[in-house]
Amino acid sequence: MNDASTTTRRDSHQQELRHDFRSAEPRWQAEWERRACFAVPDVPPADAKKYYVLEMFPYPSGKIHMGHVRNYTLGDVVARYKRARGHMVMHPMGWDAFGLPAENAARERGIHPGTWTYQNIANMRAELKRMGLSIEWAREFATCDAEYYGQQQKLFLDFHRAGLVERKESWVNWDPVDGTVLANEQVIDGRGWRSGALVEKKQLSQWFFSITKYADDLLRALEGLDRWPERVKLMQANWIGRSEGARVRFRLTAPVEAAAPQPPIDDIEVFTTRPDTLFGMSFLAVAAEHPLAAAAAARDPQAAAFVAECRRMGTSEATIEQAEKRGHDTGFRVAHPFIEGASFPVWIANFVLMEYGTGAIFGCPGHDERDYEFAAKYGLPITPVVLPPGADPQGFALEGAAYTGEGTIFNSGFLDGLEVTAAKRRAIEALEAKGQGTGLVNWRLRDWGVSRQRYWGCPIPFIHCAACGVVPVPDDQLPVRLPEDVDFSKPGNPLDTHPTWKHVACPSCGQPARRETDTCDTFVDSSWYFARFCSPRAAVPVTREAVDAWLPVDQYIGGIEHAILHLLYSRFFTRGMRDTGHLAIAEPFAGLFTQGMVTHESYKSADGRWLYPEEVEFGTAADGSRTATLKGGNAPVTIGRVEAMSKSKRNTVDPGAIIDRYGADTARWFILSDNPPERDMEWTEAGVAGAYRFSQRLYRLVAAALDGLPPAGTGAEGATGEAKKLRQATHRTIAAVTEALDSFAFNVAVARIHEFANAIGEAGEGTGAAKREALEAITRLVAPMMPHLAEELWSLLRPDETALVAELPWLEPDPALLRAETVTLAVQVLGKLRGTIEVAVDADEATIFALAEAEENVQRSIAGKPIRKRIHVPGRVVNFVV
RNA sequence: GCCCGCCUGGCGGAAUGGUAGACGCAGCGGACUUAAAAUCCGCAAUCCGCAAGGAUGUGGGGGUUCGAGUCCCCCGGCGGGCACCA
């Protein structure tokens with residue numbers, strides 16, 4: 001099979017009309033670099049229109065993948081387009097360089113995490129540069145640079161001074177064999193991924209950022225983010241999870257001896273959004289981590305066994321909620337706040353989360369699905385207290401499920417007859433009057449635990465002193481650097497097991513003390529990097545003049561998988577930095593675009609092995625369907641599903657190989673042309689080959705026309721006939737591509753450029769100046785997408801021009817050429833298309849109706865029936881109702 | 001389990017509530033060539049029909065409307081997130 005890398009020896013004319021991307025792409029990249037086309041000052045001049053384009057920075061895994069290529073291509077189109085529109089564009093790049101994979105590499109291959117990371121960065125930087133991105137590399141940094149994480153430590157201390165940092169107990173996944181804390185993804189079916197040991201929950205004292213202090217503001221401010229996708233705002237709102245309800249105190253019928261040396265427990269607090277259903281209560285349930293569960297476990301081995309079992313479930317909410325609902329009756333009982341003399345059993349339940357509300361619920365199985373399932377399983381009573389509209393209170397019974405809709409309260413004493421909303425209010429009033437509870441707004445959002453018991457992260461800058469407590473590291477001792485000499489052969493956190501690193505003098509009293517050995521969650525690193533880019537070498541976290549000028553990011557682009565956590569943490573961090581005087585704004589990202597994933601077919605050999613695409617050869621079966629066999633043999637291969645590219649499925653395509661074979665412009669063009677950027681795209685060999693053909697066609701279109709073109713600058717005004725038609729196509733395409741780029745419809749922009757290329761190809765002789773105008777226009781319209789080819793074409797069309805396309809302004813369409821003289825209207829009868837008519841754009845309605853009615857096929861459909869209604873949508877449609 | 005999306009020809013997709021399928025990929029036919037590749041031209045949702053034309057059609061079912069891919073309700077399939085992967 002022939003391909004783009006085969007040098008074909010044919011007549012010299014053909015040879016001449018072939019775009020040699022291999023020499024052109026590096027040449028233009030060097031020229032952009034030489035002219036510093038993409039450099040901007042930290043503080044732009046006052047009259048500059050600034051525009052900050054940022055793609056989510058990559059984790060330096062070693063090689064760029066197609067997801068990166070897609071992400072950075074999208075961002076680069078925006079950056080180049082906005083620059084052409086007259087903005088001063090900042091477009092930086094860096095590395096999200098701390099994290100688990102570097103430690104895994106260290107354990108598995110004995111390579112130092114730092115060495116591994118910086119090698120990966122060098123590789124990936126070179127690969128990204130080959131894409132021809134309009135990035136200002138002078139701003140580059142990695143989060144594992146001490147210059148970066150040292151400034152992060154300053155922010156940590158500033159946040160601490162501002163009351164945004166606290167220490168709390170929290171639960172982690174603990175691997176008892178490896179002696180390490182496990183990430184959720186390292187827990188597989190309840191076992192540690194390396195040791196295979198059953199994972200336990202363990203309580204540790206950890207560092208937290210007080211994100212909940214901003215819960216209300218983080219929720220309200222979503223409204224103002226008018227250039228964010230609605231679904232992302234919705235996901236964030238649900239995550240923050242504001243709910244109105246009540247805190248209810250249930251008195252234990254007898255005090256319970258607490259497990260730890262603490263005063264006995266005599267009541268349990270519950271949060272509920274349904275105080276209206278209190279009369280439907282049938283049990284109370286606490287989380288396995290609740291003090292009352294501990295008290296039960298202390299005196300009852302069965303309760304202890306159940307609590308231990310819950311501890312083996314891990315900390316992931318998905319695991320907990322998907323597990324079968326199970327419980328254990330503690331034997332304790334609580335009194336009902338309203339029903340004199342009534343009491344209910346207290347259970348420990350595996351679906352109650354300690355982190356939400358108070359870690360305890362009251363169960364009303366009649367009107368809550370989870371409570372219903374639980375009550376049905378353990379034979380607990382189910383009393384309906386909400387009567388659906390129109391139901392009969394005498395004969396009403398729940399049929400196999402809870403009723404969670406609106407209705408009227410019954411079986412509920414003083415609440416009877418009230419609607420749900422009114423009953424909630426009345427119940428809260430009654431609770432408050434009796435001192436048994438209070439109305440309350442509760443949030444699902446929890447404080448952000450940032451402690452990680454790992455080496456490859458930003459050290460948390462505190463020192464533990466027996467005498468002085470937890471003492472901040474003084475500013476002049478920052479950064480707290482990671483030690484270089486670390487031993488990954490021992491279990492546990494290498495910082496903790498390091499012989500000397502943690503032993504320091506207390507900054508306050510000078511006595512021997514211990515350094516904090518926890519490092520930061522890597523989400524902290526990515527929560528302010530966008531601000532650091534504005535003044536990347538500053539000796540402070542950010543310089544005010546730079547961030548005040550450049551922030552917020554005007555267009556942020558990245559994967560939908562970050563819709564909640566990364567974006568929420570960055571919004572929190574920006575508020576924290578504002579309140580500690582580093583910034584003036586609250587919202588970091590004015591515009592957000594979330595791209596889809598890159599997918600590919602997967603392939604499996606007969607023995608069930610995943611195969612790389614380059615190991616497979618394709619053919620066509622007798623029935624026309626595609627077949628696949630192993631290359632260099634004919635062992636059958638199964639073509640599997642199209643799914644997200646992943647190393648484990650081996651359905652990956654190496655961007656480097658694609659650029660070698662087709663060039664960066666082709667890769668970029670295919671990615672943009674395939675589908676809308678917010679959707680998942682499928683990488684196909686045929687698609688990229690098609691994109692390559694188009695790039696060559698464009699080159700031929702220009703190169704073949706050169707000899708016949710009038711000199712540059714020849715006016716095309718006053719053109720008639722063919723030439724005018726071409727000029728209309730030119731200006732309509734400028735308008736259409738501009739609109740498409742403004743709305744992220746890059747695939748539509750590509751389609752319009754294809755149509756335009758067809759129109760130029762069809763344009764007849766004698767269109768001289770109009771043809772030059774068209775070729776120059778198409779060159780400049782493709783420039784954000786295929787920047788190297790555009791420079792090459794521009795140099796052919798304007799050999800004497802000194803400016804690069806990258807330095808030219810965007811084109812403006814001539815409104816006079818956008819107008820049409822006639823318009824085609826669809827003519828419908830009863831909403832069904834029966835014909836079309838061509839009318840002058842300014843034709844009056846009577847003329848249009850007469851013309852439409854006269855149309856032969858329309859006549860046949862009306863068939864003499866009287867017309868009851870005539871509808872005319874100007875420029876679109878005529879509809880007759882008969 | 002909970003929250004959020006997506007679903008249109010063989011494939012990717014286009015379409016301010018107004019001619020569904022633009023444009024591209026793959027396919028088929030033709031031109032060029034000794035031949036192939038490359039290139040250029042043409043055809044193409046499905047079914048019926050020689051044609052004119054008709055019927056069906058945007059995951060399935062229902063609704064609103066003169067008119068629904070688009071708005072509303074229910075269902076199905078696929079995907080993202082669920083707080084220590086990044």
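Values below: every heavy atom of this structure, side chains too, minus hydrogens, waters and symmetry copies. Chain letters run A, B, ... following the sequence lines, proteins first, then strands; residues in each count from 1. All figures in this text were calculated on a predicted structure; none of them were measured in a lab.
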In terms of relative ring orientation, are A/W456 and A/F98 parallel, tilted or perpendicular, with 30° and 60° separating the classes?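 Geometry flag for A/F98 against A/W456: perpendicular rings.
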Donor-acceptor side-chain pairing of [X] and [Y] below 3.5 angstrom:
| X | Y | answer |
| --- | --- | --- |
| A/N120 | A/S61 | no |
| A/N173 | A/Q186 | no |
| A/Q206 | A/Q453 | yes |

Residue pair A/Y569, A/F209: steps toward the ring-ring contact (aromatic ring centres under 6.0 Å, His included) verdict: CA-CA 10 Å; A/Y569 291 151; A/F209 284 140; 9.0 Å; no
Want to settle it: does A/D674 or A/V827 sit nearer the 5' end of RNA chain B, counting the closest nucleotide to each?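 Nearest nucleotide further toward 5': that of A/D674.
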Between A/T836 and A/N238, which has a closest nucleotide on RNA chain B that is more 5'?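 With A/T836 and A/N238 compared, the 5'-side residue is A/N238.
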[Y] backbone acceptor or donor facing [X] side chain under 3.5 Å:
| X | Y | answer |
| --- | --- | --- |
| A/N493 | A/T517 | yes |
| A/N238 | A/G241 | no |
| A/K201 | A/W174 | no |
| A/N747 | A/D674 | no |
| A/Q696 | A/H19 | yes |
| A/E855 | A/I837 | no |
| A/D518 | A/P459 | no |

Does B/G79 count as syn, meaning its glycosidic angle lies within 90° of 0, or as anti?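 What B/G79 shows is an anti base, its glycosidic angle lying more than 90° from 0.
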What contact category does A/P676 fall into here, base, sugar-phosphate, or nothing, at under 4.0 angstrom with non-hydrogen atoms?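 The answer is sugar-phosphate, as A/P676 gets under 4.0 Å only of primed atoms, P, OP1 or OP2.
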Determine the contact category for A/H566: base if any of its heavy atoms lies under 4.0 Å from a base atom, sugar-phosphate if only primed atoms, P, OP1 or OP2 are that close, otherwise nothing.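 A/H566: no heavy atom of the nucleic acid under 4.0 Å.
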Would you call A/E289-A/R311 a salt bridge at under 4.0 Å N-O?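 Judged by the 4.0 Å cut-off on N to carboxylate O distance, A/E289 and A/R311 do not form a salt bridge.
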Looking at A/E200 and A/R191, does any basic side-chain N land under 4.0 Å from a carboxylate oxygen?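 Looking at A/R191 together with A/E200, the answer is no, because their closest N to O distance does not fall below 4.0 Å.
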Applying side chain to side chain contact (heavy atoms under 4.5 Å, CB included), name anything that partners A/P874, two or more places apart in sequence or on another chain.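 Partners of A/P874 by the side chain to side chain contact (heavy atoms under 4.5 Å, CB included) criterion, ordered by chain and then number, come out as A/H872.
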Roughly how far apart, to the nearest Å, are [N] and [M] at atom [atom1]?
| N | M | atom1 | answer |
| --- | --- | --- | --- |
| B/A26 | B/A44 | C1' | 12 Å |
| B/G18 | B/A36 | P | 48 Å |
| B/G30 | B/U19 | C1' | 31 Å |

For residues 446-455 of chain A, which residue pairs qualify under salt bridge (Lys or Arg N to Asp or Glu O under 4.0 Å), counting only residues two or more places apart or in two chains?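 Every salt bridge (Lys or Arg N to Asp or Glu O under 4.0 Å) pair that includes a residue of residues 446-455 of chain A, provided the two are not neighbours, is A/K168-A/D447, A/R452-A/D521.
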Polar-atom pairs under 3.5 Å, protein N or O versus N or O of nucleotides 52-57 of chain B: list them with distances, or write none.
residue: B/G54; atom: OP1; partner: A/R834; partner atom: NH1; Å: 3.3
residue: B/G54; atom: OP1; partner: A/N857; partner atom: ND2; Å: 3.3
residue: B/A55; atom: OP2; partner: A/R834; partner atom: NH1; Å: 3.3

Contiguous Watson-Crick or G-U pair runs (3 or more, under 3.5 Å) in RNA chain B: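 Runs of three or more consecutive pairs: B:1-7 with B:76-82, B:10-12 with B:23-25, B:27-31 with B:39-43, B:45-48 with B:53-56, B:59-63 with B:71-75.
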Using the ring centroid of each side chain, check whether [X] and [Y] are separated by less than 6.0 Å.
| X | Y | result |
| --- | --- | --- |
| A/F746 | A/F744 | yes |
| A/W683 | A/F670 | yes |
| A/Y556 | A/F593 | no |
| A/F694 | A/W669 | yes |

Check the distance between [N]'s [atom2] and [X]'s [atom1] and give it to me in whole angstrom.
| X | N | atom1 | atom2 | answer |
| --- | --- | --- | --- | --- |
| A/N71 | B/A86 | CG | C1' | 13 Å |
| A/R876 | B/A20 | CZ | P | 12 Å |
| A/N675 | B/G21 | CG | C1' | 17 Å |
| A/I753 | B/A14 | CD1 | C1' | 16 Å |
| A/R370 | B/C2 | CZ | P | 9 Å |
| A/M235 | B/C2 | CE | C1' | 14 Å |
| A/L568 | B/G81 | CG | C1' | 13 Å |

Output one letter per nucleotide in nucleotides 43-49 of chain B: B when a protein non-hydrogen atom lies under 4.0 Å from the base, S when only the sugar-phosphate is that close, - when neither is. -------
For a quick check, with a 4.0 angstrom heavy-atom cut-off, what is the B/S/- contact string for nucleotides 66-77 of chain B, read 5' to 3'? B-----------
Would you indicate which nucleotide in B/U19, B/C4, B/C2 comes nearest to any side-chain atom of A/E369?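 That would be B/C2.
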For A/R242, all residues meeting salt bridge (Lys or Arg N to Asp or Glu O under 4.0 Å), sequence neighbours excluded: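 Counting only residues at least two positions away or on another chain, A/R242 forms a salt bridge (Lys or Arg N to Asp or Glu O under 4.0 Å) with A/E244.
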Between A/F57 and A/Y529, does a ring-ring contact (aromatic ring centres under 6.0 Å, His included) hold up when you go through it step by step? CA-CA 9 Å; A/F57 65 164; A/Y529 77 108; 3.6 Å; yes
By the side chain to side chain donor-acceptor pair (under 3.5 Å) test, which pairs, at least two apart or in different chains, include something from residues 95-107 of chain A?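 Passing the test, one end in residues 95-107 of chain A: A/W95-A/E140, A/N104-A/R194.
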Atom pairs, N/O to N/O, protein against nucleotides 24-28 of chain B, distance under 3.5 Å?
residue: B/G24; atom: OP1; partner: A/N758; partner atom: ND2; Å: 3.3
residue: B/A26; atom: OP1; partner: A/R693; partner atom: NH2; Å: 3.2
residue: B/A26; atom: OP2; partner: A/R693; partner atom: NH2; Å: 3.1

Pairwise N/O distances under 3.5 Å, protein to nucleotides 83-85 of chain B:
residue: B/A83; atom: OP2; partner: A/E317; partner atom: N; Å: 3.0
residue: B/A83; atom: O5'; partner: A/N184; partner atom: ND2; Å: 3.4
residue: B/A83; atom: O2'; partner: A/R446; partner atom: NH2; Å: 3.4
residue: B/A83; atom: N6; partner: A/R444; partner atom: O; Å: 2.9
residue: B/A83; atom: N1; partner: A/R446; partner atom: N; Å: 3.0
residue: B/C84; atom: OP2; partner: A/R452; partner atom: NH2; Å: 2.9
residue: B/C84; atom: O4'; partner: A/R452; partner atom: NE; Å: 3.3
residue: B/C84; atom: O4'; partner: A/R452; partner atom: NH2; Å: 3.3
residue: B/C84; atom: O3'; partner: A/N184; partner atom: N; Å: 3.3
residue: B/C84; atom: O2'; partner: A/N184; partner atom: N; Å: 2.6
residue: B/C84; atom: O2; partner: A/R454; partner atom: NH2; Å: 2.4
residue: B/C84; atom: N4; partner: A/S451; partner atom: O; Å: 3.4
residue: B/C84; atom: N4; partner: A/Q453; partner atom: OE1; Å: 3.3
residue: B/C85; atom: OP2; partner: A/N184; partner atom: N; Å: 3.4
residue: B/C85; atom: OP2; partner: A/E185; partner atom: N; Å: 3.0
residue: B/C85; atom: O4'; partner: A/E185; partner atom: OE1; Å: 3.2
residue: B/C85; atom: O4'; partner: A/E185; partner atom: OE2; Å: 3.1

Could you identify which residues of residues 739-747 of chain A place a heavy atom less than 4.0 Å from some atom of RNA chain B, listed by residue number, or say none?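 Residues of residues 739-747 of chain A that come under 4.0 Å of RNA chain B are, in numerical order, A/N747.
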Any protein N or O atoms within reach of nucleotides 7-10 of chain B? Criterion: under 3.5 Å, listing atom names and distances.
residue: B/C7; atom: OP1; partner: A/R679; partner atom: NH2; Å: 3.2

